[in-house]
Amino acid sequence: MCGIVGYIGREEAAPILLDGLKRLEYRGYDSAGMAVYDPEEGLTVAKAKGRLSVLSELTEGGKTVRGTMGVGHTRWATHGVPSDVNSHPQVSQSGRIAVVHNGIIENYMALKEFLVANGVDFVSETDTEVVAQLIEYFYEGDLLQAVGRVLHRIEGAYALGILCADEPDKVVAVRKDSPLILGYGQDCAYLASDVTAVIRYTREVSYMEDGEIAVLTRGGVRVYNALMQPVVKEHHTVDWDIDAAEKGGYEHFMFKEIMEQPDALRKTISPRIRDGEIVLEGLSLSPEQIRDIRNIHIIACGSSYHVGMVGKYNLEKLLRIPVEVTVASEFRYMDPIVDGRTLAIVISQSGETLDTMAALREARSLGAHILSIVNVVGSSIARESEDVLYTWAGPEIAVATTKAYSTQLVVLDMLGLYFARVLGTVTREEHDRVIGELLTLPDKVARVLTQTEQIQYYASQYFNHDSVFFIGRNLDYAMGLEGSLKLKEISYIHSEAYASGELKHGTISLIEDGTLVVALGTYGPLFEKAMSNILEVKSRGADVLGLTTEDHREQMAQVVDGVITVPETHPMLLPSLSVVPLQLFAYYVALQRGCDIDKPRNLAKSVTVE
Ligand code: AGP
């Protein structure tokens, strides 16, 4: 979604803003812009529909926009089509106030009517212009005060970066339900919606809280709460470096991140296994509290939701506690059965997904204990959870998640195993077997990654299909959901995942000569049933690409058109292996089709609107 970068210091701002925006490109956007202030030239705004390269050309790499303070923005259109005029910054009628905004101002229509009635002319269709105009309307020589008055009137979610030509020594920032971080440097300060934008310049950051207002100057940053009382912010040091957020010789971030999975898994698993036991720092639940849990709700969106689907099978089997998995955008409106004995497991890579955050708050208000599994340290979901288990996958840039998904899976597995020990629902022998397999998982994933050529070959055979079905049972069904999402989001091929047993209840009518079916049959106890389903679709003309374990290769190869294998492991860990070929298949199909793999159309990395 939209991205914000701000800078005030002694350097030329525009190149810094462009560089920061470049690093936010992965979030998804359709236009870009910036406003820079210079004492001689005043407030200059440059903005354009399209890629950042258009803005860069327009400003000759920032050279034509002079000044040492400014704000920049990449816009993902919500109110008003992508166009030059709807791009941010939005500027007040006099041209003295410039605003960049992430989020949505929900009551913008009423505010617009009020301003129009008071003689204000609007030029864009955006909700953001209302903020710029309203600040000017209330401005009486004190930007902070005017912003404070505006905040009492606007409703919705917002992160704002604001410049005022009459107060050329400050950038003002505001946050509510949309992330913003502050960065500290020597005689300078930064503002960004995501650490990635400023990591090249500083590693010292603070995370703004909802309702806070920050005033950035060359001499430092002051932060106030909603009552305008000063707040002392904790400073954090970002512990990953710029290389982690760069392609490092790979053609795409997605491929790089797929290949990083063995390492990401090792970093996530190894520190949590000590002397054969799972150790979960970040978990505050006592054994008594764990024994008191009556039901578990897993709440998430997209791929994180699919992790929850795997979790349901594994946790219910391990714990004998009912587990419900709900898409976050549904959870908050469905009157869920939650009370003080409910554990809500909230899963999110970004930690900023608005639907997930809203569901978290709903679960909390109903009394649930909130435990989140999050990748981005210090993100909103992490900060609002009672317990956080981080996936140490490092920054994930490609819109299609891969290494974050894989690390979320193992964190949920380790949580399940830990609970099972406390509850006494797993034997020592079984527990130790899973621990042993967890420790070898990174190497087994590395083994799967050696099959890239073969998977690329299959992709070249099937990339021009219009429609693909992923079928499987139990954990293989949960994996099919993720395989299908991966394929459709980056290759734009229509695909659906079905529990194999459901095919005959309707979907099988869609199978005809040449339909591609990806059949997952890794789950040993149901392998024979998976084979029967393959025969059902084969006899109706489908091309079948099978995925199974090494031990079942031969048997499956007899009936399918192509087969990919994963090593044997404990059944509950099979999804960690089988997801890898599915990611690679989606990647190579998208590559064949010439798609923009890291930035698929209409999608954003971090979905911060409802
Ligand atoms: C997956 O490839 C996605 N692009 C998307 O479904 C993602 O998993 C979803 O938006 C949830 O994001 P989160 O994990 O950051 O909350």
Side-chain angles (χ1 to χ4, degrees), residues 1 26-28 76 177-179 193-196 252-255 257-258 261 264 298-311 325-332 344-361 370 372-385 388-391 393-409 411-412 478-479 481-492 495 497 579-580 582-587 589-590 595-610:
M1 304 251 120
Y26 75 95
R27 293 167 66 99
W76 190 85
D177 292 336
S178 188
S193 47
D194 184 327
V195 171
T196 328
H252 296 102
F253 278 112
M254 183 180 176
F255 193 70
E257 288 159 6
I258 290 174
Q261 288 178 111
I298 302 182
I299 305 165
C301 300
S303 293
S304 298
Y305 165 77
H306 295 156
V307 169
M309 288 295 288
V310 174
V325 195
T326 313
V327 165
S329 52
E330 287 298 311
F331 183 87
R332 61 192 291 204
I345 302 179
V346 177
I347 308 177
S348 176
Q349 186 285 130
S350 61
E352 299 295 348
T353 303
L354 193 79
D355 286 325
T356 309
M357 174 60 105
L360 177 159
R361 289 177 179 162
I370 311 290
S372 64
I373 298 176
V374 173
N375 193 41
V376 178
V377 176
S379 56
S380 307
I381 289 175
R383 282 180 294 128
E384 290 209 17
S385 303
V388 188
L389 297 177
Y390 282 110
T391 49
E396 191 179 63
I397 307 293
V399 165
T401 181
T402 53
K403 60 176 180 171
Y405 174 94
S406 295
T407 50
Q408 287 167 349
L409 271 186
V411 170
L412 201 52
M479 286 321 301
L481 292 168
E482 177 59 7
S484 170
L485 176 61
K486 277 293 81 85
L487 184 70
K488 69 185 129 196
E489 72 178 324
I490 59 168
S491 75
Y492 316 144
S495 91
V579 70
V580 178
L582 300 179
Q583 297 165 346
L584 285 166
F585 183 68
Y587 174 79
V589 167
C595 299
D596 190 352
I597 294 181
D598 285 338
K599 297 187 279 287
R601 69 182 178 212
N602 304 335
L603 291 180
K605 182 66 182 165
S606 169
V607 183
T608 48
V609 294
E610 186 174 356

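Heads up: numbering here begins at 1 and tracks the sequence. Whatever order the structure lists them in is the order used to number ligands and atoms, beginning at 1. Note that the coordinates shown come from a computational prediction; the quantities given were computed from them, not determined experimentally.
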Protein heavy-atom partner closest to [atom] - residue, atom, separation in Å:
| atom | answer |
| --- | --- |
| atom 12 (O) of ligand 1 | T353 OG1, 3.5 Å |
| atom 2 (O) of ligand 1 | E489 OE2, 2.5 Å |
| atom 15 (O) of ligand 1 | S350 OG, 2.7 Å |
| atom 7 (C) of ligand 1 | S303 N, 4.0 Å |
| atom 10 (O) of ligand 1 | V607 CG2, 4.1 Å |

Discussion item. Show me which atoms of ligand 1 lie under 4.0 Å from any heavy atom of K486.
Written reply: 1 (C), 2 (O)
Worksheet item: Looking at A400, which atoms of ligand 1 are within less than 4.0 Å of one of its heavy atoms?
Response: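 Every atom of ligand 1 under 4.0 Å from some heavy atom of A400: 2 (O).
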Does [Y] offer a backbone N or O that forms a donor-acceptor pair with the side chain of [X] under 3.5 Å?
| X | Y | result |
| --- | --- | --- |
| K486 | Q583 | no |
| D177 | L354 | no |
| Y405 | V579 | no |

Worksheet item: Do I373 and V307 touch side chain to side chain, with heavy atoms closer than 4.5 Å?
Response: no
Fill in: Among I345, I381, I347, side-chain contact (heavy atoms from CB on, under 4.5 Å) partner for S372
I381
Worksheet item: Which is closest to atom 11 (C) of ligand 1 by heavy-atom distance: G302, C301, A300?
Response: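 Nearest option to atom 11 (C) of ligand 1, by heavy atoms: C301.
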Item to complete: Applying side chain to side chain donor-acceptor pair (under 3.5 Å), run through S379 and E352 and close with a yes or a no.
Response: CA-CA 6 Å; S379 56; E352 299 295 348; 4.8 Å; no
Worksheet item: Are any of the side-chain nitrogens in E384 or R361 under 4.0 Å away from the carboxylate oxygens of its partner?
Response: yes
Based purely on interatomic distance, does [X] place a nitrogen or oxygen under 3.5 Å from a nitrogen or oxygen of ligand 1?
| X | result |
| --- | --- |
| Q408 | no |
| V399 | yes |
| T356 | no |

Fill in: Partner residues of E257 under the salt bridge (charged side-chain N to carboxylate O under 4.0 Å, His left out) criterion, sequence neighbours left out
none
